[in-house]
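Structure, as structure tokens:
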There are 4 protein chains.
Amino acid sequence: MVGGGADAFIGGVHRIASRIDGHYDLVAGALSSTPEKARESAAALGLDPERSYDSFDAMAEAEAARPDGIEAVSIVTPNHVHYRAAQAFLSRGIHVICDKPLTATFDDAEAMERAVRDSDALFVLTHNYTGYPMVRQARAMVEDGQIGTIRVVQVEYPQDWMTSSVENEGVKQAEWRTDPERAGAGGAIGDIGTHAYNLAGFVTGLTGAELAADLSSFGAGRKLDDNAHILLRYEGGARGMLWCSQVAPGCENGLRLRVYGDRGGLEWAQEDPNYLWFTPHGEPTRRITRNGAGATDPSTSVSRIPPGHPEGYLEGFANIYTEAAAAIRAVQDGQSREAAMGKLPGIAAGMEGMAFIRACVTSARDNAAWVAI
Amino acid sequence: MVGGGADAFIGGVHRIASRIDGHYDLVAGALSSTPEKARESAAALGLDPERSYDSFDAMAEAEAARPDGIEAVSIVTPNHVHYRAAQAFLSRGIHVICDKPLTATFDDAEAMERAVRDSDALFVLTHNYTGYPMVRQARAMVEDGQIGTIRVVQVEYPQDWMTSSVENEGVKQAEWRTDPERAGAGGAIGDIGTHAYNLAGFVTGLTGAELAADLSSFGAGRKLDDNAHILLRYEGGARGMLWCSQVAPGCENGLRLRVYGDRGGLEWAQEDPNYLWFTPHGEPTRRITRNGAGATDPSTSVSRIPPGHPEGYLEGFANIYTEAAAAIRAVQDGQSREAAMGKLPGIAAGMEGMAFIRACVTSARDNAAWVAI
Amino acid sequence: MVGGGADAFIGGVHRIASRIDGHYDLVAGALSSTPEKARESAAALGLDPERSYDSFDAMAEAEAARPDGIEAVSIVTPNHVHYRAAQAFLSRGIHVICDKPLTATFDDAEAMERAVRDSDALFVLTHNYTGYPMVRQARAMVEDGQIGTIRVVQVEYPQDWMTSSVENEGVKQAEWRTDPERAGAGGAIGDIGTHAYNLAGFVTGLTGAELAADLSSFGAGRKLDDNAHILLRYEGGARGMLWCSQVAPGCENGLRLRVYGDRGGLEWAQEDPNYLWFTPHGEPTRRITRNGAGATDPSTSVSRIPPGHPEGYLEGFANIYTEAAAAIRAVQDGQSREAAMGKLPGIAAGMEGMAFIRACVTSARDNAAWVAI
Amino acid sequence: MVGGGADAFIGGVHRIASRIDGHYDLVAGALSSTPEKARESAAALGLDPERSYDSFDAMAEAEAARPDGIEAVSIVTPNHVHYRAAQAFLSRGIHVICDKPLTATFDDAEAMERAVRDSDALFVLTHNYTGYPMVRQARAMVEDGQIGTIRVVQVEYPQDWMTSSVENEGVKQAEWRTDPERAGAGGAIGDIGTHAYNLAGFVTGLTGAELAADLSSFGAGRKLDDNAHILLRYEGGARGMLWCSQVAPGCENGLRLRVYGDRGGLEWAQEDPNYLWFTPHGEPTRRITRNGAGATDPSTSVSRIPPGHPEGYLEGFANIYTEAAAAIRAVQDGQSREAAMGKLPGIAAGMEGMAFIRACVTSARDNAAWVAI
């Protein structure tokens with residue numbers, strides 16, 4: 001693991017997610033850019049001190065050289081480190097599981113794309129919300145034509161934790177996310193908007209054609225957007241709206257997707273993830289439950305426990321890790337990278353997210369004009 | 001009553017709403033533009049046949065001449081009749097309660113504005129959703145500063161009843177609403193978008209500055225919009241989104257408003273209207289119930305029954321009628337029209353709605369460019 | 001109207017309910033047992049002072065003698081007055097619409113039964129919750145066999161307004177309800193338990209065989225029960241539970257019914273009355289909406305407005321009044337009382353409620369032993 | 001691990017729960033009473049074949065003899081095996097984590113009590129629902145007096161998976177649960193009723209005094225109860241109701257607790273576990289969210305991720321495992337068993353559950369008479 005020392009919320013999430021199905025052991029890390037903190041964090045996690053490194057470069061070099069070196073690395077640093085860290089491992093044939101968004105800058109993203117292309121290793125981007133069983137169910141129902149031709153896509157992702165300027169009050173999570181140097185050109189759009197955009201595309205199978213984005217920075221002195229209102233036009237004629245916000249009091253992690261076609265509608269909310277609401281047009285709305293009545297293979301195969309026993313965020317995240325493990329095994333067994341990846345989010349999803357951020361920023365600078373994605 | 005014959009949903013609603021608090025008797029009508037249907041509808045409602053008229057002109061003339069003539073008239077026709085009907089009564093000093101949107105065309109709207117100005121009678125526009133107690137509660141809490149400076153306004157109004165092209169299948173409600181001659185330039189934006197825009201303004205007290213509207217007509221052969229995605233900018237810097245749709249399967253009458261300020265957030269949904277969800281930033285979300293704990297005067301005074309005994313759409317609508325009755329009495333007692341109207345929606349709200357429709361259409365024709373409202 | 005003067009919540013409810021569909025005019029009343037208050041209340045309601053009476057006896061006598069005398073009377077007094085008031089009108093052939101429970105004592109109930117038998121007039125008991133459209137829908141679905149043989153019935157009716165001893169703090173509604181002289185032997189079981197028991201029977205069509213009741217009086221100094229836990233056994237083998245409470249903080253008017261059979265389950269909650277949740281065993285739960293997809297005749301015929309436009313408590317109550325008006329017309333047109341009443345709750349439902357109260361009290365005195373109902 | 005071979009749902013749950021926080025490694029097992037199945041299951045889980053045993057006796061003996069033998073064992077067999085398996089390990093000083101209910105018979109339970117008393121090892125019973133953060137929050141709020149003196153406890157646990165007689169259709173989970181030899185005297189009351197009873201006691205701190213139980217077996221030919229309606233009386237005067245059912249279509253795993261005191265009310269539902277609804281009497285209901293606003297230490301300390309990122313069943317279960325690991329370390333460090341266990345459910349909770357089952361069966365045989373628990 002690179003990054004994810006004490007205090008870093010997402011590092012802990014990756015560690016639990018990797019453990020849930022028992023496919024990973026954490027054996028090495030460069031857990032912080034501050035050597036002392038890296039060491040302490042490693043000790044707290046019970047890592048062999050020899051395999052706690054001061055930098056990802058040192059780690060990549062040493063692990064690649066060990067006969068028992070790591071097979072895969074998780075990169076959970078702030079965005080601006082993603083490319084350099086990933087490159088260090090990819091170039092040595094070590095598989096990379098990387099947090100999103102892909103990178104802080106589009107230049108880095110293109111470099112990342114090349115690094116992935118030039119490596120034999122896998123690159124998995126943790127668009128974890130696509131790991132929820134009922135998101136898989138929704139996607140399958142769309143593919144199956146159950147909602148018909150899609151007309152309207154409503155996706156939103158409101159949060160409230162940055163309502164006040166917590167970046168000035170010692171909240172580390174907020175500090176780097178509001179700093180263009182570390183986060184990149186996108187604030188809310190990069191941190192959560194990319195998740196929303198990815199989720200909508202994953203479920204609908206639609207490709208974004210153009211967007212118009214009205215970005216706001218409501219927090220005093222905030223340089224990056226903390227609220228984004230975005231109009232979407234998809235190839236084929238569907239229209240959409242994306243709202244993401246970090247300043248909406250009462251909203252904790254309100255990712256929610258609604259899709260409407262000429263035959264039916266679907267609704268899913270991340271905070272109540274075990275249910276998918278499906279309305280065949282003209283019929284009563286149905287509540288499809290994870291692993292329960294109405295659920296079919298693409299969701300049941302990534303469920304662990306019976307309906308009514310809620311699975312949550314960590315299990316959805318674990319599905320990405322478990323599928324990555326299967327993909328790694330498949331590649332080791334000689335399968336092609338493309339086949340092994342299946343529907344796992346990878347470099348392409350990462351580039352789409354970067355294109356989304358770029359289009360938003362470009363549009364916003366031109367008073368929310370339409371910009372091709 | 002003008003309009004509201006058999007088959008006309010909204011006529012029945014107005015009749016019940018006017019009866020609930022006992023302030024009105026229905027004694028005369030021009031209930032249909034088809035004389036025979038007008039007569040039959042009048043008979044079905046028990047009107048004196050003498051006071052069932054073939055046209056609103058005949059009705060206005062005859063009722064104005066009777067010593068026991070009507071004090072007020074409800075106009076519930078398709079939009080293109082609103083102005084001519086209202087003018088006939090206003091010019092004779094008869095108070096008018098008129099359905100929204102104000103008119104089918106902006107020219108008619110301006111004529112209506114003059115007719116109201118030139119009359120001594122009251123003009124009330126039934127933006128009925130502002131009659132819900134918890135909408136009044138929300139407005140009062142905003143005025144009271146409980147959510148602080150408003151930053152973000154999310155309002156939506158999805159329906160699904162026009163998902164297929166029901167206007168070609170004999171559904172009268174859909175026929176005139178999809179006909180530019182009778183409905184005007186706006187489809188969904190006129191029929192339901194004006195309600196959503198009005199509600200957001202009523203609760204927040206904000207004035208719309210400009211908007212960018214992406215209008216779609218998904219129904220085959222449909223001339224007017226049946227889905228609208230609209231970005232909003234309010235004076236003072238708040239940003240918003242408005243979505244209205246008639247093609248969203250699973251959505252019945254999904255008017256919903258969310259308002260976020262720097263001190264808190266509010267959420268209200270028309271389909272669950274007895275509850276207002278309030279989050280003071282950093283504290284647990286509270287459920288304020290109509291006439292229950294946390295509800296204060298502006299909502300309790302328009303509630304009839306205890307909390308837990310749901311009031312609904314008809315009671316909210318009745319509040320407009322009851323307040324109109326009080327305003328009529330006040331004017332008859334010598335109060336000024338302005339004072340008597342109080343916060344009742346009238347010609348100004350009607351003009352704002354027309355400006356909203358015009359701005360949407362103008363923006364949409366220019367590829368969703370920003371247009372002043 | 002007898003009773004229902006100023007302060008009396010339920011009087012206002014009856015008046016609105018009777019007006020909603022326009023079948024009643026309020027023309028006479030004995031609105032309070034205090035003559036002055038009766039007169040003031042009558043004046044406030046705009047009654048002809050001549051037809052405001054000091055007592056129900058005077059009213060019954062005078063109205064029966066007038067050529068334009070009342071056709072029907074609503075009795076909305078405390079329970080202990082029901083019988084004598086009803087008898088005064090029934091004996092003169094005036095139809096009676098009476099609040100529940102039937103009477104304060106079982107002796108009065110039996111006298112009421114005789115009075116109804118001996119009269120030609122109709123007697124309607126306002127078990128208003130049976131007027132909700134989705135309650136009708138549920139009943140029809142049970143009759144249609146959609147949930148199969150019923151096994152389990154869960155019904156509950158919690159409130160919180162008597163959590164503290166408000167009867168000692170000037171709350172009139174609480175004063176008479178906690179006074180055995182005026183309320184009868186049942187506190188919560190009479191006031192709300194009878195509604196719950198009636199609702200369960202109405203929907204399931206089952207007849208209660210025996211019950212075991214554990215009654216509590218938690219309010220300091222309270223003589224009647226304010227919380228009841230009741231086991232139910234129905235004829236045919238179904239088992240049930242009934243909980244009613246006036247001391248459950250957070251519960252406003254939480255009447256809720258769940259019914260489970262060998263083919264499916266149904267769930268309905270009075271506080272969210274426009275929806276019925278139906279699960280065919282092994283399939284996804286469906287949300288059936290009033291007047292919407294999945295709703296059929298027995299509910300649509302008592303609905304006024306489209307789905308998504310919520311109807312509430314007053315409309316459900318109005319359905320009882322409107323059906324009573326139709327029954328009165330039918331009897332006037334020569335139909336038998338039995339045929340005219342149809343499924344309207346009448347004296348039989350009243351006697352069942354009294355038997356329920358009696359069985360609860362008997363059981364509770366014997367340490368919650370089983371008692372035949 | 002003893003039990004938990006292929007097909008056994010709960011074995012997988014225990015394995016994941018033990019992995020989530022990284023405190024356990026699965027190194028040995030007697031995974032099935034069928035040796036071949038035990039071996040195959042062990043292979044599938046990657047166990048060293050040497051440490052896959054044919055019986056728990058063999059396992060206990062061998063592991064106790066190994067220098068690297070297991071420190072703790074999970075027992076996840078059908079109920080009738082619990083005691084003998086636990087005894088084998090406890091007598092050798094190996095800590096036991098055992099599924100509930102404690103045993104199939106009361107004799108076994110008393111033997112288990114002795115075995116625990118005579119051992120130095122810890123005995124943890126996986127009443128996993130007490131591991132949910134918001135259950136901890138509820139308990140702390142009760143202890144803190146926020147709901148005042150408790151008056152009413154409503155707890156229910158409906159499921160629907162045994163609506164039809166699936167035990168005759170090859171569903172193994174149903175087979176042993178409906179077999180008195182393997183399940184014991186309780187069907188639904190043992191399998192889920194004990195969870196409900198335990199949860200109510202855990203949150204309220206109340207001790208059950210007596211109960212009256214009406215047990216039903218609706219499934220054709222079913223020997224054990226599949227539905228139970230139970231009246232509860234707690235020491236100190238609180239009254240309660242417990243409903244558990246395996247034949248309620250539409251209910252998946254509907255464990256739900258409501259507690260009402262003279263100062264407030266609490267509501268929690270296992271299927272929506274991240275929220276606790278709290279009503280201080282006379283104030284609006286508040287939604288307290290896991291790790292969010294209003295949540296305090298007893299819940300935040302067992303939460304892993306921020307509010308809005310749902311944790312679920314497996315995380316709640318993992319909290320029991322993680323606290324058991326801490327308790328084992330504490331005992332190894334010399335702490336007393338009592339102090340180390342803290343509020344972890346152990347033998348006492350197990351005996352309470354057995355007493356609950358026995359009282360239910362005794363009461364039911366005597367026509368639901370009151371029985372001391």
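None of these values were measured; they are calculated from a predicted model.
Contacts between C:Pro307 and chain B at a heavy-atom distance below 4.5 Å involve backbone atoms as well as side-chain atoms. For C:Arg287, the part lying under 4.5 angstrom from a heavy atom of chain B is the side chain only. For B:Arg19, the parts lying near chain C are the backbone and the side chain together; criterion is any non-hydrogen pair under 4.5 Å.
When each of C:Ser18, C:Gly22, C:Gly292, C:Gly12 is checked for heavy-atom pairs under 4.5 Å with chain B, C:Gly22 comes out on top. When C:Ala318, C:Pro306, C:Pro310, C:Gly312 are compared by the number of non-hydrogen pairs under 4.5 Å with chain B, C:Pro310 comes out ahead.
B:Glu315 contributes atom CD, which lies 5.0 Å from atom CG of C:Leu314 (distance to the nearest 0.5 angstrom). Here the CG-CD distance, from C:Asp272 to B:Glu271, works out to 10.0 Å after rounding to the nearest 0.5 Å. To the nearest 0.5 Å, atom CD1 of residue C:Ile16 and atom CD of residue B:Glu311 are 7.5 Å apart.
Checking side-chain atoms of B:Gln270 against main-chain N and O of C:Gly308 turns up a donor-acceptor pair under 3.5 Å.
By the 4.5 Å heavy-atom criterion applied to side chains, B:His309 and C:Phe317 are not counted as neighbours.
Checked against B:Glu252 for a side chain to side chain donor-acceptor pair (under 3.5 Å), the options C:Asn291, C:Asn274, C:Thr289 give a single hit: C:Thr289.
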